[in-house]
Each structure stands twice: as C-alpha cells, then as structure tokens.
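Read the structure below first, then the notes.
It should be emphasised that the depicted structure is a prediction, and the values quoted were computed from it without experimental measurement. Hydrogens, waters and symmetry mates play no part in the numbers below; they use all other heavy atoms, side chains included. Proteins come first, then strands; the chains are lettered A, B, ... in the order of their sequence lines, and each starts at number 1.
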Amino acid sequence: MLPVRVRFAPSPTGPFHIGGARSALFNWLFARHYGGTFIVRIEDTDLERSTRESEENILNALRWLGLNWDEGIEVGGPNGPYRQTERLELYRRYTDALLKSGQAYRCYCTEEELAAEREEQLAKGEMVRYMGRCRDLSPEQCAALEAEGRKPVIRFRVPEDHVIRFNDLVRGEVSFDCGGIGDFIIVKSDGIPTYNFAVVIDDHTMSISHVIRAEEHLSNTPRQILIYEALGWQVPEFAHVSLILGQDRSKMSKRHGATAIEQYQAKGYLPEALVNFLALLGWSPGGEEEVLPLQQMVEQFSLERVSKSPAVFDLEKLNWLNGNYIRTSPLERITDMAIPFLEKAGYISLPLTEKKYEWVKMLVALVRDYLNCLEEITEHAAVFFDDKVAIDEGEAREILAGEKVPAVLKALKTKVTTGPALTETGAKRMLKEVGKELGVKGKEIFMPVRVALTGHTHGPDLNRVMAILGQDGVVRRLEQAIIGREK
RNA sequence: GGCCCAUUGGUCAAGCGGUCUAAGACACCGCCCUUUCACGGCGGUAACAUGGGUUCGAAUCCCAUAUGGGUCACCA
C-alpha cells in the first residue's frame, strides 16, 4: 500500500464550519491511524471571496481542535507552496499541455450566451451542460473572436460514450456517464484555474493517496478523474463522507443555529468534546463506549465504519458530551476556562489573587455539574455575586413565610456571626445545632435558609453554598431575609 | 427536471443471509441516591419506509415505488 497522505483543503471564504471540521477530523484520524501524513492546503482560487482573515480563522480553529498537520500552509514541506494562488505557474504548465494535446480548448462564449443555453436546457428538463459551441474553432476563428475583445476560458474536452467508475471507500461502486457531463471550465477568463482543475494538480503533485471529503463533492469526482486520465496520472482513492444536516434534514447552514467552530469555542465548549461529538457524527466506534479520548479514536478509526447516510446535528448530545467533559476534566482547567466568562459578566476582575482563585475554584467545583457549556456558568454563579437576593415567586416565598422561619434565620445568623470563618463542615455543624436548639427538623430548616441565601428552592449543596458565601455574605443575606419578614 | 447518493426508534447509530422475540448512546419516563436540584446508579417506552422477488431462511442480496438529500457556476 502506498504511504497514506491525506489533506484538508478549505477555501478561506468564511467562518470554519462544523462540516469542514468533521472532514478535517476524518482526514486527520485516518492519517494518524495509518501513520500517514496530514496536509493542509488553502484553496483560494475564488479571488472575490477568499480572505486572509478567514484563512487565519480556519487555521486557528484547526489548532484549537488539536488537529495538527505535518505538511502544508505555515509549516511548509517539500510540495509547496500550499496556497493555490501561489501555484499559478504550475497550473499553467498543465493547461498548456492539455491545450497542446487537444484535450482542452478555448471557449469564447459570453456569460449571456451560456445563461441562455442553460435556461433552455432547464426548461426542456435536460441536464444542464455546455453543448460545445467552441469545441472545434479554428485558430483563425479564435483570433477573430479575440480581436473582438473576447477573453476566452479554457474548457476540458469531455470524451463522449465513456463511463467513469470508481470505488468510493465509503459509498462503494459509483458510476457516471460522461454523456451527462458537458465540457467544463478548467481555467477562468482571468487565467485562474477552477477548483476541479487545481484540485487534481495539487492532489497529484502532493502525492495524495486518499481524498476524503464531503459528499457534496461526489458529482465533481468524475470530472476530476477525467483530468487524471488526460494527464496520465494515477487516480487516488476517494471517500465521500455524507453530509451533516440540520433539524429539518437539509444541509446544515447558518439558519440552523451555530455552525461555526468559533461560536462553540466562544460558548465554552471543550475542543475534545466537539471532536468526540463530530467523530460520532457519521462514524461509530467498534465498542459500546462513545466517550472516547482522541488516542482511542485514532486507534479505532476506519473508513469502513463511516456511515453512508447523512446525520442530523443533535445539539442535545453535544451538550451532554460537553457536560461530561466539564465534569471529568481537572478542576483547574475548567476553572481557568470559566474565568473569562465570570470576568465578562462583571463578577470578578483580573488578575485574581491566589485566595480569590481558590475561591473561584470552589465555586466552579460546586456548579460545574449543572453546565452544558462554560458560558452557562454565569447563570449558576450569579447568586454568589449579589447580596441582594431576589426571591423566586411562588414556593420560595411561601417557604420564607413559614412560622418558624424568623427564629431559624436569627439563630443561624447569631451562630455564623459569632463563629469562626465558614467552612463546609462548619456550616453543616451550625445548621445542625440550630435545628437541635429550636427543635426544628430537616426540611423546615434547610429550605428557608436555602431560599434566604439564594432565592431559590433548588440548588447545590447548602453547606458548600455557605462556605462560598462566607461569613459576611451569609450574615447579610440572613439579615435581609429577616427584615423582609418583619416588614 | 436530468444525474448521483441515501433510507433501522424523536436523534446518532450496531447489524455485513440464520446467534434479531434488532445492541449501545442522547432525549424522554420511572425508581434509587440526595432533607432540594443537579451529578451518579438502575430500569422502561420507542425502529428494520412500502411492494415485489432471490433463498430452506432477509434488517441484511436484487428490482420497483415512495421519501429525503446532494449536484447541475468563469464557487469551492
């Protein structure tokens, strides 16, 4: 078997999409599984829409996800440059060769003429394709057209009566009839090659062994194979991965919600959770365990286990996975990730003192069970940053209106005021003593205290809540509740 | 519309002719844990698109139909 060389070749025309990330991931997993090479190349032949900014975004997202590449843009390698607009000279060579051999020709049709042809075909229900008007122009005709000021495009002469077959590594045997493919453009009138042409030259000159990409490229494959054949090159293996769909089962796009990787990053999703989720979308591990560290995915990955049918993006499952990683990752890491969100909410200001950091860590440890993503920490932490407690409507107010409540709160306030700095065990002890002294049992003491301190009837462990609030915080909130009662 | 691809529970999916009275995960429901909630544990509801073949036997193979998707650019 040839050495495995795969590539991810995004066009830098917008934010880095979920679908692109999955393609990159599958290529990466494939390369790592077989000890091959993972290459990143930039396909920026669309001069209008390509920007360096989105190229940067994509590369950053790739790095954030942990998908490092061995060769390509920024890291270099023997087959560079890795940006298509920097390889124009190379494409020109092959264009000339095809022109010389008659496998390509110049076409002078205007966009208007092409559009008219297209509409006619569409109206007749035929396959839309170029009918070959300029196929057999003589040099004299070309010169005349050019004298008119028409700038030609270069089209590939598609052989008639030819069927392209290939064995797709995920879809199996696929075939296309060339009769349905018109002579397609390989070089635009501005001299820039089109995707279908450049991709073949790049993949070949970079010795790509397997082209793993999204299914939307399936119908481009016969065109590309035609070019490989015309140039006498060996055709690589293809693997077309099915698309990611939105809830309505159409190709996932912005209207389905967050589709850019950086949006998930900004909401506080962990890269490994996203990677794990993306891997599960269209691929299934052999065993029953679905929460998999990267290394295990590398070991288990194979194209044979990649699904042929499209997958609906399920945010609930991503949330579950991410929550899972939030709960099981080292506390310090989660704390560090949570800090920017707390800062942005105005709850803390940086830099943190050692003591304050430890305090934030306690807080994070307390609320992380509740989180789908780090962004949500602000809503769960809010109650610790404002001594003016807003009491929930309904049940919470009823609880606070209980007959024994003032006595309980006052007794606790006294205990906390006179006691040492609050700790989890200290709080627990005080609560117990208050209960004993007043002859009040369980719920009647815990619930009013919880409501007085947090405003809610539900929430994390009360002892730890008290420890985090600290002596002052607890006292202020108890006072406030007592005053509220007396009014 | 032409061409291409797909079709197992609400979602992701295992299954590659008998071991399928069809796994697992998310979601949902119930129970347990917890003087709350969440986490966690245990259990439950829920699926082979339809119709024809092939075969002793089909979720698995073939053909239609239906449904969904992709693609038909001087975009990639």
Next on the checklist: So, using ring pair (Phe, Tyr, Trp, His ring centres under 6.0 Å) as the criterion, who are the partners of A:Trp283 when residues are at least two apart?
Outcome noted: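 With neighbours one apart ignored, the set is A:Phe301.
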
Item to check | Partners passing ring pair (Phe, Tyr, Trp, His ring centres under 6.0 Å) against A:His17 (at least two apart in sequence or in another chain) | outcome: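 Once residues adjacent in sequence are excluded, A:His17 has no partner under the ring pair (Phe, Tyr, Trp, His ring centres under 6.0 Å) criterion.
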
Checklist entry - Closest to the A:Glu215 side chain: B:C74, B:U11, B:C5? => result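 Closest nucleotide to the A:Glu215 side chain: B:C5.
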
Next on the checklist: Starting the side chain at C-beta, find the nucleotide from B:C39, B:A6, B:C12 nearest to A:Arg249.
Outcome noted: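 Nearest to the side-chain atoms of A:Arg249, counting from C-beta on, is B:C12.
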
Checklist entry - Who pairs with A:Glu148 by side chain to side chain contact (heavy atoms under 4.5 Å, CB included), at least two apart in sequence or on another chain? => result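 Scan of A:Glu148 (side chain to side chain contact (heavy atoms under 4.5 Å, CB included), adjacent residues dropped) gives A:Leu145, A:Arg150.
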
Checklist entry - Quick one, which residues of residues 79-86 of chain A touch RNA chain B with a heavy atom under 4.0 Å? => result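 None - not one residue of the stretch has a heavy atom sitting under 4.0 Å from the strand.
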
Respond yes when some side-chain nitrogen or oxygen of [X] is under 4.0 Å from OP1 or OP2 of [N], and no when none is.
X	N	answer
A:Arg450	B:U35	no
A:Arg118	B:A73	yes
A:Arg223	B:U71	no
A:Ser284	B:A14	yes

Checklist entry - Regarding A:Arg155 and the six-membered ring of A:Tyr130, is the cationic atom NZ or CZ under 6.0 Å from the ring centre and inside 45° of its axis? => result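 Yes.
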
Item to check | Whole-Å gap separating C1' (B:A76) and CG (A:Asn196) | outcome: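 Interatomic distance, CG of A:Asn196 to C1' of B:A76: 9 Å.
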
Next on the checklist: According to side chain to side chain donor-acceptor pair (under 3.5 Å), who are the partners of A:Gln84, at least two apart in sequence or on a separate chain?
Outcome noted: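 Expected list: A:Glu43, A:Asp202.
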
Checklist entry - Distance-only, no hydrogens or angles: does the A:Thr454 side chain make a donor-acceptor pair with backbone N or O of A:His456 under 3.5 Å? => result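 Present.
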
What's touching nucleotides 26-33 of chain B from the protein side, N or O pairs under 3.5 Å?
| from | atom 1 | to | atom 2 | distance (Å) |
| --- | --- | --- | --- | --- |
| B:C26 | O2' | A:Lys317 | N | 3.4 |

